[in-house]
Amino acid sequence: MSEKEALLSSSSSDSDDVNEKQPLNATVGSVSDESLSEQSTGKGYATIGGLENEFSGLPEQDAETLRQQVHISPFSPSFLQLFRYADRKDIAILVLGVIVSIAEGVMRPLMAIVFGAATQEFTDLPAGSMMMYFNGSYYNRYNSTYDKHNYTQDGWYSELYNSTSYEYDYSYMDNSAFVENVSRYALFMFLLGIAVTILTFSKTFLFIDRADVLSSRIREHYLTATLRQNIGYFDKLGSGEITTRISSDTVLLQEAMSEKVSYVISYLATFITAVVIAYSRSYLLSSIIIGNVIMIILTSYFGSKIVTKFSAKSQEGYSVGGSLAEEAISSVRNVQAFGIQERMAQAYDGFLATSEKWGIRVGYVTGLRTGLTFLFAMTIDALAYWQGIGLLIEGTVNVASLLTTIFTLSLGAFSFTMITPYLTGISTGIAASAKIFSTIDRKSAIDSSSEEGERLTEVKGDIELRNIRFVYPSRPNVTVLRDFSLKIPHGKTVALVGPSGSGKSTIVGLIERFYNPLNGEVLLDGHNIVDLNTRWLRQQVALVQQEPSLFACSIFENICYGLIGTPYEHASDVEKRELVVDACKQANAWEFIQTLPDGLDTVVGERGILMSGGQKQRIAIARAIVSNPKILLLDEATSALDTKSEGVVQEALDRAAKMRTTIVIAHRLSTIKDADLIVVMRTGEILEQGTHAQLLDMKGEYYKLVQAQTIEVLKETSDSSDSTDAQVDENSGIELAKFNTKQTVASTLFHRKVEETKPASVGAVVYMLYRISQRDLAILLMGLYSGAITGMAYIGLSLLYSTALQRIQEYNNPNDYALLRRSIYLVAAFLFMQAMILFIAGSAAGSMFGYSSSRMVRRIRSLFFRHLLRQDISYFDDSEHTTGSLTSSLARDAQSIESIGGSTANKLVESMVTSFGGFIFCIAFGYKLGLVLLTGLPVMLFIGYYRFKFMTAFAETTKGHHAKSSNYACEATSSIRTVVSLTREEEILEGYRKTLAVIVRGNRKANIRSAALVALGRGMQYYIMALAFYYGGLLVASGEYSLNQFFVIFIIMVFGLENATTIFTFAPEMSKALRAGRNIKKLIDSQPEIDAWSKDGVVLPADEINGAIEFRDVYFRYPTRSDVPVLRGLNLSVKKGQFVALVGASGCGKSTTIGLIESFYRPQWGSVFMDGRDISTLNVSEYRKNIALVQQEPVLYAGSIRYNVALGSPGEVTDDQIVAACKKANIHDFITSLPDGYDTLCGAKGSLLSGGQKQRIAIARALIREPKILLLDEATSALDSESEKIVQAALDEAAIGRTTIAVAHRLSTIQNADVIYVFENGKILESGTHQQLLANRSKYFELVNLQALDKS
């Protein structure tokens, strides 16, 4: 069995599978139980979704301030709340839809009246030989007369006898009147069919269309509400949960408002009308039966309430897991580098287990509700015949009244059994609305959409923080700023420096009004910013963050977002382009932009993934300065830039800062030495302040920071040999010319024609789902068997009905009433027995299908997630595979599969058995009538199949629009700080509205066709019944068919056609399930080129690995940007144990080199070697175990600090090892100062920690791995000087005995490297030691001079 097959058939749900090896377990060990405890993993993500009572120890005023920023009031959902955004037009259309649905529902009981009247005609026919009758004529055969004498006491008398013999003439009945009446009833049925067709089309289209419109409004309001929330709200909520809500839960809401509602209304109308008609026919009999009807209502009501409650808990469990999935997918490089795919999958599976548990309970409740509904519905018939036969004998009712009463109430009860799957869907939608509407109704503590607040006519830019005391709402026990006061005059540049966690970024957040302080105030030109309009305030401020966020559009569009709120917001593209080009030139971005094939129109990818760190930061700076803001906030704005770019950009920023207030946060002190004021902070307090020269003269804290960043100058004693040892590629132009040939070779690799893979067939998808559910095969078979029993029950019901009618016809003589009573009592007993069987079978089928579908959904999501994390990194570079679309697909596809499970699967099995089994039975029982009626089945099948195919094709067509809308939401919420600082909310919402409008318009045409097909299928039911009445009447009238034969076939047709029609009402669900199944199968079947699951490849013994790395003539282009060469014949060598540094301009290939070493990509030409072996020949997972990576933008997960550090180790780790690693990374003291220590939660994506704190934890995670090769991609860029010096010393110590490759722009961190490679244009320009390269006085020499830190 292959690895894929093993995983397909394995169950992560089974408790006995805990120790069973999954494919990823072979490559990744697990941390100790303590490290993966509930406290470490579950709590981290669980607290994203809810608020713990963590403010109890604070003063009431402080607690209230914090609570306002994170608290979400619970929402009590109801069905009518789903329609809260309906306007008058919508209400009018919905009212019309309700009226039409009621009218369509009334048609069924009218059909019962026609049926009852027609039945009276049938039962009035004489049975058997009495079909012949005496026609009133006779013949005289003979005549004799004689005289008889009798003697009596009174005397003699005589009698005369006349004897005549007659032969009577019998003839067949003239049935023309019967045929005429039956034909009339057939015509009535046909006319009812026409009415039903029109009404069904109307109700279906009206509700589907309004559901589209209203659900799009809910989506829009939800995103609007989400974007207006204060930042503290997002500290508690993962963007993955928001994506799940907007892409998955809103679909449930839409389905709860769609045609399901029309079916419920229609069936309720059938039920109510049936009760009214039944009472009008026989008040006494109806009163006897009505108790069961009430029990059916109560069962549906209480069952739905419980289902809603359990569904809400199931959805809540998954939505939190959705945040985990979103974090893992968005940081897939980190996941693959550390080989933690299986651990992420196990943590994700924990939330799936919670969702599964409540999903199974939903199945049990639904099954019990179905069983009870069957019990009470079928005992209606038993009661009706038991009591009704007495009323018939007494003459209280006639046959028509009796049968109309029984049939209408049975039809009403049957309608309730049909409602069950629709009610389940509506209940699930109502449950899904709770979280959505609670967010919509939440009043944000800082509402950026509010028009309240003052707008100043003129802004100078004076900023003052006065007596600020601040605590983060998500970490209420840690005081960040303590009575902090600072004045920043307008037009001045103020720099904030100090250790990580000292409160620097917090000040930026307070000025942007991301949070509210507990005490004190922030003033702008003397006005408290609380009194100013929030949106207006943010438009006066431009922010460049430490980890810049770009959006998945072009460079031009990204920079234009900086013009929002300015006079140029709606300027022409020509004017905007001039401003953008000028801003790019100032930010030193124009040069690299011009080298791109599409220039400013180049798409940057999700979160700017197609740009290097330095390129992203320069685009972000251009975006900030394009609007010429009054206040400029730079939070480590140049940390990712190379030294030359930093110098140019810094000069531009210095030039721009002269006209505005600028606040700079920087750890690289060379960038702030010219600031008007430098403020040195620690633990939320100011230690010292002054200019660069003043602070150096003080020889205090700042002086120490400067000393830590001093770069060793060129030693005058250096001899000429030092210079010659450094290698300079003077022939770079010649090599560049050579590259043209190999560029062509590399290019051809990208332009190979890729064959389009055909969508998987229905059979392939079904087989895949069978393999996934194989472990629950016994449960599924029990469900199928039980569902088949419920389906066959309708055939049994028709036999019992027809038997009762036959007996009523046969024993219509008063002398036979006793026999009639016994016969009908026997029928009633069988009906009661059938009701008990259906109770057991219905409960079992619903429960079994609910159980198996919940487990299947868990397995599908687990499989999907595992296979996602297995894919090549290039898969995630593709614009179609954004984090938002993948997270949405993960939530939606499994849910689509689930939509045809549970009660829906039960109803489908039941309907198919009733339909097809009934038709076969009809042919066997009376082939003439059966075959004639069977002609309607292919038509109905064609209608249903065509609708299914059409809906499937349409779902594929709209897939892109849905993915785009989901990605809008995910991208906006995952970069929420950037979105609100740019005041992009309205622009995002406008784009989202347009996308939704396209979806709604496209859906409308499809909905018309879909509704027409549903209506035609529903009408066919009546047309076939009309045919049955007409042709069946002829057969009975001719004596060819008995009454029993006709009614068996007819009643089976009634139930069979109703069920056949029901099958096709689930066509949308089936089409969605097929599309989802194809998506899942496509991913599961995909084989990545670089497969961490694969057992192939050489596994080198750990003691034989030295860690020497070599690049030989490597050419590389990113698969998604095949026109842009990145590495152009790279050759470099790293010996065992060497500390090698890679420096150069942004975009020159340094991080790409790291990615190739990590085996994220394969070069198009050349090879990468480790210890002389081509790494493409090595086993991927085992190879990566020897490497540890610290990225430029550190990735943490929403667990505890202990959990995050432990993720670095491929094996078990102890607390002592975790502590030791944290001490080496200079983070231990900070961790122990926190109230929860190592159990402190990091928040979603590490949002509860500062950049420096995140980076040190990431370094600790790398060090605990004890790697042979250590890759540092700007590993200390976010650290303050003091921490950097200590961490650098730790890294230097850690580098002993292992190969270390560091990418760095801060040259003080790599001046002690054994070899420094200077990159330019994807190849090595020069290499050597620090002193050798200084002696060359080339590129590196220029970079060092730009970072000099003297008083000047």
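On a predicted model such as this, the values are computed, not experimentally measured, just so you know.
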Non-neighbouring partners of F83 that pass ring pair (Phe, Tyr, Trp, His ring centres under 6.0 Å), sequence neighbours left out: F79
Evaluate the side-chain proximity of T408 to V275: yes if any heavy-atom separation is below 4.5 Å, no if none is. no
Would L206 and L94 count as a side chain to side chain contact (heavy atoms under 4.5 Å, CB included) here? Give the steps. CA-CA 7 Å; L206 291 175; L94 287 169; over 6 Å; no
For Y1041, is the OH atom crowded, meaning more than 12 foreign heavy atoms sit under 6.0 Å from it? yes
Would you say S287 and Y279 make side-chain contact, with heavy atoms under 4.5 Å? yes
Which donor-acceptor pairs under 3.5 Å do side chains of residues 382-398 form with protein atoms, sequence neighbours excluded?
from: N398; atom 1: OD1; to: A400; atom 2: N; distance (Å): 3.3
from: N398; atom 1: OD1; to: S401; atom 2: N; distance (Å): 2.7
from: N398; atom 1: OD1; to: S401; atom 2: OG; distance (Å): 2.9

Sequence neighbours excluded, the answer for ring pair (Phe, Tyr, Trp, His ring centres under 6.0 Å) partners of F207 is none
To the nearest 0.5 Å, tell me how far S786 OG sits from I837 CD1. 12.0 Å
Minimum heavy-atom separation for V261 and A256, please, with both atom names. CG2-O, 2.9 Å
Heavy-atom closest pair (L800 atom, V827 atom, distance to 0.1 Å) is O-CG1, 3.7 Å
Would you indicate whether the side-chain heavy atoms of V293 and I290 approach each other to under 4.5 Å? yes
Closest non-hydrogen contact found for A845 with G787 is CB-N, 3.6 Å
Return the set of residues passing salt bridge (Lys or Arg N to Asp or Glu O under 4.0 Å) with K928 (not counting sequence neighbours), or none when no residue passes. E1040
Applying the side chain to side chain contact (heavy atoms under 4.5 Å, CB included) criterion to F839, which one of L368, T370, T373, T379 satisfies it? L368
Would you call the rings of F921 and F925 parallel, tilted or perpendicular, taking 30° and 60° as the class edges? parallel
Point-to-point distance, once rounded to the nearest 0.5 Å, from CG of L826 to CZ of F830: 5.0 Å
Parallel under 30°, tilted from 30 to 60°, perpendicular over 60°: which one fits the rings of Y267 and Y422? parallel
Which donor-acceptor pairs under 3.5 Å do side chains of residues 181-195 form with protein atoms, sequence neighbours excluded?
from: N181; atom 1: OD1; to: R184; atom 2: NH1; distance (Å): 3.0
from: N181; atom 1: OD1; to: R184; atom 2: NH2; distance (Å): 3.3
from: N181; atom 1: ND2; to: E121; atom 2: OE1; distance (Å): 3.3
from: N181; atom 1: ND2; to: E121; atom 2: OE2; distance (Å): 3.3
from: N181; atom 1: ND2; to: A177; atom 2: O; distance (Å): 3.3
from: S183; atom 1: OG; to: V179; atom 2: O; distance (Å): 2.7

Is it true that the side chains of Y1022 and T197 contain a donor and an acceptor less than 3.5 Å apart? no
Can you name the one residue among V264, T204, T200 that meets side chain to side chain contact (heavy atoms under 4.5 Å, CB included) with E259? T204
S266: side chain to side chain contact (heavy atoms under 4.5 Å, CB included) partners, not counting sequence neighbours: E104, R108, K203
Going by the rule ring pair (Phe, Tyr, Trp, His ring centres under 6.0 Å), which residues pair with Y817 if we only count those two or more places apart in sequence or in a different chain? none
Sorted by chain and number, sequence neighbours left out, side chain to side chain contact (heavy atoms under 4.5 Å, CB included) with I99 holds for V95
Minimum heavy-atom distance L82-G429, with the two atoms named: CD2-O, 4.3 Å
Hey, does L375 have a side-chain heavy atom less than 4.5 Å from the side chain of L838? no
Check whether any side-chain N or O of S286 sits under 3.5 Å from a backbone N or O of A278 as a donor-acceptor pair, and report yes or no. yes
Side-chain contact, heavy-atom cut-off 4.5 Å: T270 with P109? yes
Counterpart residues, salt bridge (Lys or Arg N to Asp or Glu O under 4.0 Å), relative to R210 (two or more places apart): D90
At what distance, to the nearest 0.5 angstrom, does CE of M792 lie from CD of Q834? 10.5 Å
Residues in ring pair (Phe, Tyr, Trp, His ring centres under 6.0 Å) with Y1031, at least two apart? none
Using the side chain to side chain contact (heavy atoms under 4.5 Å, CB included) criterion, which residues pair with I113? Sequence neighbours excluded. L110, I277, R281, T404
With rounding to the nearest 0.5 Å, note down the distance linking CZ in F310 to OG1 in T428. 13.0 Å
Scanning both residues in full, the closest heavy-atom pair of A841 with I789 reads CB-CG2, 3.7 Å
Please report the shortest heavy-atom distance between I265 and S101, naming the atom on each side. CG2-CB, 3.7 Å
Quick check for you: to the nearest 0.5 Å, what is the distance between L96 atom CG and S202 atom OG? 7.5 Å
Inter-residue atom distance I380.CD1 - M295.CE, 0.5 Å rounding: 11.5 Å
Sequence neighbours excluded, which residues qualify as side chain to side chain contact (heavy atoms under 4.5 Å, CB included) partners of L784? L781, F849, V909
